[in-house]
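For reference, the structure is listed below as structure tokens.
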Number of protein chains: 2
Amino acid sequence: MGNIHDIARLAGVSASTVSRVLNNHPYVSTEKRQAVLDAAEQLHYEKNINAVHLSRGKTETIGVILPYVNHPYFGTILSGIAAAAEENGFKLMIVQTKYDVNQEIDALNMMKLKQVDGLIITSRECPIEMVEDYSTYGSIVLCEAWTGSQMSSVYINHFKAFKEAITFLKDRGHSKIGYTIVRVDGKSSIARRNAYEEVFHYVRDEWVFDNSLTIEDGVRVAGEWKELEKRPTAMLITNDFVAAGFILECRRLGFQIPGDVAVIGFDNHPIAAPLGITTIDLPLQRLGEIAFQQAISPTEITHQEVPFTIVKRESV
Amino acid sequence: MGNIHDIARLAGVSASTVSRVLNNHPYVSTEKRQAVLDAAEQLHYEKNINAVHLSRGKTETIGVILPYVNHPYFGTILSGIAAAAEENGFKLMIVQTKYDVNQEIDALNMMKLKQVDGLIITSRECPIEMVEDYSTYGSIVLCEAWTGSQMSSVYINHFKAFKEAITFLKDRGHSKIGYTIVRVDGKSSIARRNAYEEVFHYVRDEWVFDNSLTIEDGVRVAGEWKELEKRPTAMLITNDFVAAGFILECRRLGFQIPGDVAVIGFDNHPIAAPLGITTIDLPLQRLGEIAFQQAISPTEITHQEVPFTIVKRESV
DNA sequence: TTGAAAGCGCTAACAA
DNA sequence: TTGTTAGCGCTTTCAA
């Protein structure tokens, strides 16, 4: 316990000298340095980081906004962010929004209040203009395609990835292709629709399954797919978790993969390999690492697209 | 911008009155209150939370130590913690340790430095005595069986759960039972060995597979299981992810589940249902919620065991 | 190389 | 109901 002044008194120096020693500043004589160190030791001194933050005006902390911490997509991004934060001696503050705007605003306010130096938004609900307004308070990194000059971005080109997947299926003779999305008005959902239309000119609405984020959703979609009069012969699925649920339920219902329906997933989650899911590998861990770097580099705004690769297995 | 004194000046009151208004204290006249509010509005005032933290001596922030943020076991606990934190207006600081002691110490130090008011340790590497020493700086919650008077705990009784699972298999005629663990010297590994010995009096070392945490590990273990001269006819597996890898790889190798080998997993992760995995349901989300409540109740140390239930499916 | 002094911005006990 | 004052504990400029 005790503070910097107690040390100063005990060591017979001023508080500023103590501060210098504690922060490894040069220009402190060896004797005084040692006296300070001894006194600190003797008093079991621990610095109060809040005072440091107040005084310095920054916290070496980055906030992370994500809808669900325990979803593999966001969890993997978070893991990358956490690894990079550790390397750079930064702390991480997380806010799980469950896609709730108010939660997101709460997180944005952490930056206003100087609780965090920067903010990484893995998925956004608020209008982009509103988010941009907050960039005066600290650095904001978006994990979505964006090219403005106030906020950095790192993202996967969903349009390109989706188009490549569709083309892959089309090349293998599929013309009846369905797909799943998380939410109809989501950003990547729109990109996917555009990609679809560019290949097939027309999207059959009953072949688009929304609300697909989890394994359970995949199971449900399989049931819905089965009931269709005209079933797609191939499905592009939000992520490998949903694909896993879909495939396992299809099998349970007596269908063959890829015989009755071919499947392409996204992420290349570890579950994809043993299930033989053909998938689009997304470097999510890497994306998280990049996002962190951008977050701590407020002066240089960059926009980085991370590459994806198709991983061929047995589901197509 | 601007601070509390600027508001005070503009509103023609003292800083303390401003503070009172901003914190909804009673005993402020309506006129002065309004004047302060107007001034704050006009100056686009934002409070500096670091000053508040310094002044109050607490941060309304809880730290969470976990080995891997994107592992379903820890991710689900974290999700429960995050939900409870949100409800109580607390922030969360996470530290991903990857089972590295230094990372854990780093996290413990956050409490020394008054960066967090409390700490939830979902998995521990440091000696318990060392962790306990930190409890003078704030509240510590352990997610493991523990009954000391300085730290709260919330946990699953691994011994009991494991014993029940073994008994379940034994009752169905299995006498050659293997199992997987994360690390040989882990706390739950020891509990499991004890449970095993209580039922069978003897543990055959080649039937214990360590380093089993992920889907890939499950795949690997299936290969190892196959190579055994004397193969267990049943396996108790660390968690449903590992079980998924194990089952899928066994099938790929031409074995039947449960014909050639029965499987029980842990967690009741969403993947368990479509794969038909018999599993021990662990209320991890709930565990996280309880841990949070304990973390913000430093005065009452409690020890709570959360119940598990066996979920019967087709893998046994 | 060192210290004094002025912050950083907010809270709260006390007195009025 | 309000203001004064003394912190909370550290950093940093300036002058010596």
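Convention: sequence-line order gives letters A, B, ...; per-chain numbering from 1.
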Over how many whole Å does the gap from [X] atom [atom1] to [N] atom [atom2] extend?
X        : N      : atom1 : atom2 : value
B:Lys58  : C:dT11 : NZ    : P     : 14 Å
B:Leu43  : C:dC10 : CG    : P     : 12 Å
B:Glu60  : C:dT11 : CD    : P     : 12 Å
B:Arg56  : C:dT11 : CZ    : C1'   : 7 Å
A:Lys112 : C:dG9  : NZ    : C1'   : 18 Å
A:His5   : C:dA5  : NE2   : C1'   : 10 Å
B:Ile7   : C:dG9  : CD1   : P     : 12 Å
A:Asn48  : C:dC8  : CG    : C1'   : 13 Å

Can you tell me if [X] and [Y] form a side-chain donor-acceptor pair at under 3.5 Å?
X        : Y        : result
A:Thr147 : A:His303 : no
A:Tyr134 : A:Asn109 : yes
B:Gln42  : B:Asp38  : no
B:Gln304 : B:Ser153 : no

| query | Hey, which of these two, A:Ser16 or B:Lys114, hits DNA chain D nearer its 5' end, going by closest nucleotide? | reply |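 The residue mapped nearer the 5' terminus is B:Lys114.
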| request: Would you mind telling me which of B:Leu22, B:Asp6, B:Val36 makes a side chain to side chain contact (heavy atoms under 4.5 Å, CB included) with B:Tyr45? | output: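 Considering B:Leu22, B:Asp6, B:Val36, a side chain to side chain contact (heavy atoms under 4.5 Å, CB included) with B:Tyr45 is found only for B:Leu22.
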| For DNA chain C, the residues among residues 18-37 of chain A that have a non-hydrogen atom under 4.0 Å from it |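 Residues of residues 18-37 of chain A that come under 4.0 Å of DNA chain C are, in numerical order, A:Arg20, A:Tyr27, A:Val28, A:Ser29, A:Lys32.
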| Do A:Arg20 and A:Tyr27 meet the cation-pi criteria used here (NZ or CZ under 6.0 Å from the six-membered ring centre, within 45° of the axis)? |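 Relative to the ring axis of A:Tyr27, which defines the angle, A:Arg20 lies outside at least one limit.
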| query | Is the distance from OP1 or OP2 of C:dT11 to the nearest side-chain N or O of B:Ser55 less than 4.0 Å? | reply |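 For C:dT11, neither OP1 nor OP2 has a side-chain N or O of B:Ser55 closer than 4.0 Å.
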| task | Give the C-alpha distance, both sets of side-chain angles, the deciding distance and a yes or no for salt bridge (Lys or Arg N to Asp or Glu O under 4.0 Å) between B:Glu144 and B:Arg124. | result | CA-CA 9 Å; B:Glu144 67 184 282; B:Arg124 176 177 57 82; 2.8 Å; yes
| field | Test log, rule ring-ring contact (aromatic ring centres under 6.0 Å, His included), inputs A:Tyr68 and A:Tyr73 | value | CA-CA 9 Å; A:Tyr68 293 99; A:Tyr73 183 89; over 10 Å; no
| message | Could you tell me the boundaries of the chain B footprint on DNA chain D, defined by atoms under 4.0 Å from its heavy atoms? | response |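 Reading along DNA chain D, I get D:dT1 to D:dG9.
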| Are more than 12 heavy atoms from other residues, nucleotides or ligands located less than 6.0 Å from atom NZ of B:Lys58? |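 No - once you tally the heavy atoms of other residues, nucleotides and ligands closer than 6.0 Å, there are 12 at most.
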